[in-house]
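In what follows, every heavy atom counts, from backbone to side chain, and hydrogens, waters and symmetry copies are set aside. The residues of the chain are indexed from 1 along the displayed sequence. One-based numbering, in listed order, for ligands and for the atoms of each.
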Amino acid sequence: VLVAPVSAFATALAAIKIGAHPVFVDCDRFGLIDLDAAHRALAADHSIHYAVPVHLYGHCINMERLADLKQRFGLRMVEDCAQSIGASCRGIPCGSVGDCAATSFYPTKNLGALGDGGALLTNSEALAAEARSLRDYGQVSKYRHEHIGYNSRLDELHAAILDRVLLPRVQEWNTARRSTAEKYLAGIRNPVLTLPGAPQGSGSCWHLFPLLTAPGRKAEFLAHLSATGICVGEHYPAALMDQPAMAGVPYLLADDCATARDLCAREVSLPMHPYLEADEIERVIEACNSFF
Ligand SMILES: Cc1ncc(COP(=O)(O)O)c(C=O)c1O
């Protein structure tokens, strides 16, 4: 399974848990799977049949190129849309190229529930039926179990809140996130910090706002922000294959994943959510600009 190396560990787990071997291929400077590198990996290794591209940080991968890759190599694909509800690339929404897409309703997500939850999105009736059954101990009808399923149901209360209350507000929240991102991009001016922005054509939903510190400066920058009372994150401090749990896992590296490792060594995520006030955004910008 072709897997992007910068993501939540859940992305790699999806492949590992079914007994498949993750094949890590490098990402680009935005953290998204490098589609040229993916092309090379697929041309070189015909045992790769699946891919789990991740629309990281809320940036949408180039969907036309993703569709081309899928078709050219006959891939089956699960798009990881955990961070990208509402994102699109040149008008094509994320999640619409893969056989299915998975998303997360973890509370901090763009469509976050009050606890854990998630959904599978597909236009395949067969896949939807199988997923419905798998989430409920493999039942296809009451007490008839045709699959070895599990318990992964979204409870009714959460489903109702998500559907009736939260989902209708996602666009408005994403607009607020985009506005914050624009302010950060316009206001942060510091030679020690690089703002990758979003890839061209990507209608990012800005789940996170990542920036890159100069090599070797990340710890100092984190300490500086923390001293000014600004809470920041790291997404992610280590590439997936460099996590201790991967030591016993048979995975492959399609290339040296140098961009991914460099990104992990330098990335810091600034505060990003729909309720940031103008003066809070200004404080973050000032804190970034006063770091030398
Ligand atoms: C990119 C990505 N994939 C997968 C997941 C897993 O989602 P969940 O925690 O809802 O299982 C997350 C959430 O952290 C994520 O950010």
Side-chain angles (χ1 to χ4, degrees), residues 1-18 20 22 24-28 30-34 50-61 66 77-87 89 93-95 97-122 131 134-135 149-155 158-159 161-163 166-167 170 173-174 177 198-199 202 204-210 232-243 245-246 257 260 263-264 267-273:
V1 182
L2 208 63
V3 181
V6 183
S7 187
F9 199 60
T11 308
L13 280 179
I16 296 162
K17 286 284 185 182
I18 60 162
F24 294 105
V25 65
D26 208 357
C27 61
D28 61 21
F30 302 102
L32 303 177
I33 190 163
D34 179 332
Y50 305 89
V52 188
V54 185
H55 301 283
L56 197 73
Y57 306 138
H59 301 332
C60 189
I61 298 169
L66 195 63
M77 187 180 282
V78 180
E79 285 179 63
D80 185 332
C81 295
Q83 303 188 358
S84 62
I85 290 255
C89 185
C94 70
V97 159
D99 296 279
C100 65
T103 194
S104 167
F105 302 137
Y106 183 76
T108 60
K109 294 295 197 282
N110 289 42
L111 176 57
L114 309 179
D116 274 305
L120 194 80
L121 309 160
T122 181
L134 284 172
R135 73 175 174 186
Y150 27 82
N151 178 356
S152 185
R153 299 181 298 252
L154 183 68
D155 66 83
H158 258 120
I161 294 170
L162 280 160
D163 185 31
L166 305 176
L167 184 59
V170 168
W173 286 329
N174 282 352
R177 287 173 181 268
S202 167
S204 179
C205 65
W206 290 103
H207 172 59
L208 296 165
F209 188 93
V232 286
E234 292 176 80
H235 299 88
Y236 291 88
L240 295 177
M241 59 280 185
D242 296 331
Q243 289 289 348
M246 294 302 290
C257 291
L263 198 140
C264 291
E267 192 274 345
V268 171
S269 304
L270 296 185
M272 175 55 83
H273 61 79

Identify the protein heavy atom lying closest to atom 3 (N) of ligand 1, giving its residue, its atom name and the separation to 0.1 Å. D80 OD2, 2.7 Å
pair F105-L166: side-chain heavy atoms closer than 4.5 Å: no
Test your reading of the model: is there a side-chain donor-acceptor pair from N174 to the backbone of I85, 3.5 Å cut-off? yes
Residues forming a ring-ring contact (aromatic ring centres under 6.0 Å, His included) with F209, sequence neighbours excluded: Y184, W206
Taking only heavy atoms of G117, which atoms of ligand 1 are found under 4.0 Å from at least one of them? 10 (O)
So if I apply the side-chain contact (heavy atoms from CB on, under 4.5 Å) rule between P53 and each of L66, D80, V3, T11, which one comes out positive? L66
Side-chain contact test, heavy atoms from C-beta onward, threshold under 4.5 Å: evaluate it for I61 versus C89 and give yes or no. no
Between Y236 and ligand 1, which part of the residue brings a heavy atom under 4.0 Å of the ligand: side chain, backbone, both or neither? side chain
Numbered atoms of ligand 1 (with element) below 4.0 Å of A10, judged on heavy atoms: 4 (C), 5 (C), 6 (C)
For atom 13 (C) of ligand 1, what is the nearest protein heavy atom, given as residue, atom name and distance? K109 NZ, 2.8 Å
Give the atom numbers and elements of ligand 1 that come within less than 4.0 Å of a heavy atom of T11. 3 (N)
Ligand 1 versus V54: contacting region, heavy-atom distance under 4.0 Å: side chain
Mind checking whether S7 has an N or O less than 3.5 Å away from an N or O of ligand 1? no
From CG (L208) to CE (M272), nearest 0.5 Å: 8.5 Å
Within the protein, is there a heavy atom lying under 4.0 Å from atom 8 (P) of ligand 1? yes
In the protein, which heavy atom is nearest to atom 2 (C) of ligand 1, and how far is it? A82 CB, 3.4 Å
Atom pair SG (C94) and CD (Q83), whose distance is rounded to the nearest 0.5 Å: 11.0 Å
For atom 10 (O) of ligand 1, the protein heavy atom that lies nearest, with its residue and separation: S104 OG, 2.6 Å
heavy-atom search around atom 16 (O) of ligand 1 in the protein gives Q83 NE2, 2.9 Å
Do the side chains of V232 and S269 get nearer than 4.5 Å, heavy atoms only? no
Side-chain donor or acceptor of T103 paired with backbone N/O of A119 under 3.5 Å: no
Is H207 near ligand 1, meaning one of its heavy atoms is under 4.0 Å from it? no
